[in-house]
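Note on naming: letters A, B, ... go to the chains in the order of the sequence lines (proteins, then strands), and numbering restarts at 1 for each one.
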Amino acid sequence: MNKHVIPQAEEPLKQNNHQDNHLENIRDFEIQDYLRLDLFPHFMCPGCGHGIALRALLWAIHIQGIDKNKLAIVSGIGCSGRVGTYIDANTYHTTHGRPLAFATGLKMARPDLHVVVITGDGDCLAIGGNHLIHAARRNLDITCIMLNNEIYGMTGGQVSPTTPHDRFTTTTPAGNIEPVFDASRLAEAAGAGFVGREVTIHVPRLRDLISEGLDYKGFSFIEVMSDCTEINGRKNDLGSSSEMVLGQTRNMRPNEYDNNVVDHPFRPNSLNTGVFVKSDRPEYGASYRDMVDGIQKKQKGH
Amino acid sequence: MTGQASQNTLNSQDAINIQGNHACALGAVAAGCRFYAGYPITPSSEVAERLASALPEVGGVFIQMEDEIASIAATLGASMGGVKAMTATSGPGFSLKQENLGYGMGAQIPCVVVNVMRGGPSTGMPTRPSQGDLMQARWGTHGDHPVIALTPGSVEEIYTQTARAFALSEQLRIPVLVLFDESLGHLVETICLPDVTEYENTVRKWASGKPEDYQPYRPDADGVAPMARPGDGYRVHTTGLTVSESGFPTQKSIEVDRAMKRLFNKMEINKDLIESFEDVECEDADVVIVALGIVGRAARKAVRELRAEGLKVGLFRPITLWPFPTETFRKLTKKTKNFVVAEMNSGQMILEIGAAKQGKQTVSGLNRYDGDPISPSQIINAVKEVLDHE
Ligand SMILES: Cc1ncc(C[n+]2csc(CCOP(=O)(O)OP(=O)(O)O)c2C)c(N)n1
Ligand code: SF4
Ligand SMILES: [Mg+2]
């Protein structure tokens with residue numbers, strides 16, 4: 001009856017002891033080592049923030065010394081979801097809104113894998129909102145990177161749950177009248193053990209945030225403020241790609257400047273960045289395995 | 001202190017009293033299922049409840065997810081990781097699972113999905129039996145796709161067919177559906193748990209050899225491509241998009257055509273493995289009753305009584321409903337003049353029989369959808385009516 005076993009839950013393997021040579025790891029990062037180059041050219045529009053986020057993610061994976069063979073990238077549907085295809089790892093492009101649910105099954109069945117979810121604002125907050133809440137509540141060891149470009153990029157620029165007020169989209173031709181979601185606060189309220197937000201203009205900061213999230217044992221939610229230059233930018237006269245990215249500095253404040261900003265969670269000129277939550281809540285997988293150990297011991301009569 | 005004997009991994013030959021839903025759970029564990037994700041719904045919840053205690057005992061994972069969409073997603077996720085996995089539900093939940101079920105069929109990910117059928121549409125009658133989801137099982141998810149659906153007709157068969165569903169699913173890299181109705185799910189029968197070691201030992205083919213030579217969707221002679229287990233060094237891509245043999249998306253017509261053929265070829269090649277049915281005196285029968293699940297039992301009794309009256313009546317009971325064993329059915333019923341299709345819906349399987357019948361054979365339906373099972377006497381009357389009209 002025990003031929004069928006869930007793999008042991010040791011720490012997912014890391015290639016090198018990165019703590020000792022952190023700086024060296026930052027320096028010797030070669031993005032090609034982590035990409036499926038034969039799939040290039042990639043699909044992303046020039047200036048798309050998702051590409052910058054991809055670089056930061058791969059860099060963080062390198063710094064963490066994560067073995068590509070033990071890395072599972074689970075993504076949803078959208079431009080965000082397509083990003084995962086280019087990573088030279090075990091990649092799972094699932095269904096719209098559901099990557100966290102797929103990842104939950106994968107991580108529970110294979111605790112020896114590093115599971116990273118790449119999702120979008122529509123994928124994660126609209127169709128997949130319920131899965132985000134419950135993944136955060138369980139606090140299973142998954143790193144969730146939400147690429148928030150405030151729009152449905154892939155389907156041609158419809159309004160999303162994070163589209164700012166008054167913004168023009170193909171489905172808000174008179175400007176958006178719906179209030180927006182603050183995804184990071186949502187993740188925090190739902191119990192995510194690690195929550196942080198960063199912008200794509202600060203690549204090193206983004207890289208380090210993701211790296212910290214990868215290292216965290218529990219559910220880490222990382223909101224990346226990304227730009228959909230082509231569809232969102234053009235329609236709203238937000239400027240060229242570089243102007244859009246530069247605009248992020250005006251719109252974002254590091255978390256430590258918290259006291260200086262108007263206490264309003266939404267753009268413009270108000271979103272905080274940095275690590276918002278890092279708690280020692282129990283990690284779900286570990287709790288589950290403890291429970292199983294207890295049950296099995298009782299059965300054997302120990 | 002001595003250990004507590006587990007009620008979940010019984011190996012004994014002793015007869016036990018067990019409910020259909022529990023037999024389903026134990027059949028799964030015996031077949032090597034080590035992951036279950038589900039969301040409570042009547043009349044299937046006992047499958048989950050039993051697994052919530054059975055799986056931890058064998059070191060497996062039980063998780064109650066936030067809804068049925070998440071449940072099948074997690075089930076597929078676990079299977080992608082290499083573990084035999086299952087989810088169970090009923091009507092409304094089965095509807096919610098359809099999109100991801102199609103993902104499993106397209107990306108060829110094994111798993112077992114149990115649907116304990118209740119009255120519908122919509123919330124319908126949660127505690128009443130029905131066979132209203134036969135066509136949904138066939139065509140519920142969008143797009144062209146093959147499907148395997150098993151329809152056990154007794155508590156013992158629920159146990160064996162659930163176990164067999166795992167074997168078929170692993171061997172053919174396809175989600176396999178197990179359908180039975182509320183009355184079977186809640187029926188308690190005295191049975192000896194049959195030996196399903198053969199099903200337990202059936203696991204999918206895993207990729208071996210050099211990663212650079214491996215093509216995740218290049219089928220072997222049996223129509224099935226070996227699967228790569230994450231962690232084994234293959235680093236492949238899995239997607240619901242239509243893919244070439246490499247596993248990466250394609251829109252080239254020749255590759256798309258091949259991709260669709262891959263899905264159907266494995267079914268054709270392995271037809272004998274998939275097919276299963278019960279034939280009760282069809283050979284010389286003038287009238288053949290076609291019935292599945294719980295209705296098959298009433299039909300068996302009807303056949304006995306009608307034969308005792310000297311009438312030539314038989315029963316064809318598909319155990320594999322989809323793909324329907326059309327060729328075998330035709331061979332067995334060459335001499336049949338009339339079919340009576342008895343089903344607990346307004347006429348679903350009858351469409352398949354209409355397509356399978358030959359020559360001047362007539363087909364009539366006996367349908368009941370009031371929340372009560374079809375009785376033997378109803379079937380007897382229906383058969384006699386058909387014979388009177390001859
Ligand atoms: C069930 C379902 N509904 C709708 C779609 C269509 N769809 C594809 S991507 C997308 C939105 C993606 O937006 P987001 O998650 O923000 O990703 P982005 O493209 O902006 O990165 C939608 C609605 C789908 N693929 N599946
Ligand atoms: S449509 Fe927008 S999100 Fe998608 S690739 Fe282009 S810029 Fe990026
Ligand atoms: Mg978006």
Between [X] and [Y], which heavy-atom pair has the shortest distance, and what is it?
{"X": "B/Pro56", "Y": "A/Ile295", "value": "CB-CD1, 3.6 Å"}
{"X": "A/Ala101", "Y": "B/Ala73", "value": "CB-CB, 3.6 Å"}
{"X": "A/Gln296", "Y": "B/Val58", "value": "NE2-C, 3.6 Å"}
{"X": "B/Tyr103", "Y": "A/His93", "value": "OH-O, 2.9 Å"}
{"X": "B/Val83", "Y": "A/Ala109", "value": "CG2-CB, 3.8 Å"}
{"X": "A/Tyr288", "Y": "B/Val61", "value": "OH-CA, 3.1 Å"}

How far does [atom1] of [X] sit from [atom2] of [Y], to the nearest 0.5 angstrom?
{"X": "A/Ile127", "Y": "B/Ile69", "atom1": "CD1", "atom2": "CD1", "result": "7.5 Å"}
{"X": "A/Tyr92", "Y": "B/His237", "atom1": "OH", "atom2": "NE2", "result": "11.0 Å"}
{"X": "A/Thr94", "Y": "B/Ile109", "atom1": "OG1", "atom2": "CD1", "result": "9.5 Å"}
{"X": "B/Thr75", "Y": "A/Phe102", "atom1": "OG1", "atom2": "CZ", "result": "9.5 Å"}
{"X": "B/Thr239", "Y": "A/Ile77", "atom1": "OG1", "atom2": "CD1", "result": "6.0 Å"}
{"X": "B/Phe248", "Y": "A/Thr91", "atom1": "CZ", "atom2": "OG1", "result": "6.0 Å"}

Side-chain donor/acceptor of A/Arg110 to backbone N/O of B/Gly81, under 3.5 Å: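 Yes, A/Arg110 side chain to B/Gly81 backbone: donor-acceptor pair under 3.5 Å.
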Shorter than 4.5 Å, heavy atoms on both sides: which option in B/Gly102, B/Gly240, B/Gly82, B/Gly233 has the most such pairs with chain A?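 The residue among B/Gly102, B/Gly240, B/Gly82, B/Gly233 with the greatest pair count is B/Gly233.
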When only pairs under 4.5 Å are counted, which of B/Thr238, B/Ile72, B/Leu55 shares the most heavy-atom pairs with chain A?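 The residue among B/Thr238, B/Ile72, B/Leu55 with the greatest pair count is B/Thr238.
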Scan residues 119-143 of chain A for pairs that pass ring-ring contact (aromatic ring centres under 6.0 Å, His included), counting only residues two or more places apart or in two chains.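 Found none.
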Under 4.5 Å from any heavy atom of chain A - which part of B/Leu241: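 Contact with chain A is through the side chain of B/Leu241 alone.
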Option in [options] with maximal non-hydrogen atom pairs under 4.5 Å from chain B:
{"options": "A/His96, A/Met291, A/Arg36", "answer": "A/Arg36"}
{"options": "A/Val115, A/Asp88, A/Thr104", "answer": "A/Asp88"}
{"options": "A/Val292, A/Asp293, A/Thr95", "answer": "A/Thr95"}

Any salt bridge (charged side-chain N to carboxylate O under 4.0 Å, His left out) pairs touching residues 241-250 of chain B, not counting sequence neighbours?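 Sorted pair list: B/Arg218-B/Glu245.
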Under 4.5 Å heavy-atom distance to chain B, tell me which part of A/Leu39 shows up: side chain, backbone, both or neither.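 It is the side chain, since no backbone atom gets that close.
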More than 12 non-hydrogen atoms from neighbouring residues, nucleotides or ligands closer than 6.0 Å to [atom1] on [X], yes or no?
{"X": "B/Lys252", "atom1": "NZ", "result": "no"}
{"X": "B/Gln251", "atom1": "CD", "result": "no"}
{"X": "A/Tyr152", "atom1": "OH", "result": "yes"}

Side chains of B/Asp232 and A/Asn69: closer than 4.5 Å at any heavy-atom pair?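 A side-chain contact is absent here, since even the closest heavy-atom pair is not under 4.5 Å.
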Are A/Asn130 and B/Asp67 close enough that some pair of their side-chain heavy atoms sits under 4.5 Å apart?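 Yes, at least one pair of side-chain atoms sits under 4.5 Å.
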Charged N to carboxylate O below 4.0 Å: is that the case for B/Glu66 and A/Arg138?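 So B/Glu66 pairs with A/Arg138 through a salt bridge.
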Quick one: ring pair (Phe, Tyr, Trp, His ring centres under 6.0 Å) partners of B/Tyr36, sequence neighbours excluded?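 So B/Tyr36 forms a ring pair (Phe, Tyr, Trp, His ring centres under 6.0 Å) with B/Phe62.
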Within the 3.5 Å criterion, strictly below it, is a donor on B/Asn100 or A/Arg98 matched to an acceptor on the partner's side chain?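 No.
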What residues of residues 167-177 of chain B make heavy-atom contacts with chain A at a cutoff under 4.5 angstrom?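 Heavy-atom contacts from residues 167-177 of chain B to chain A are absent.
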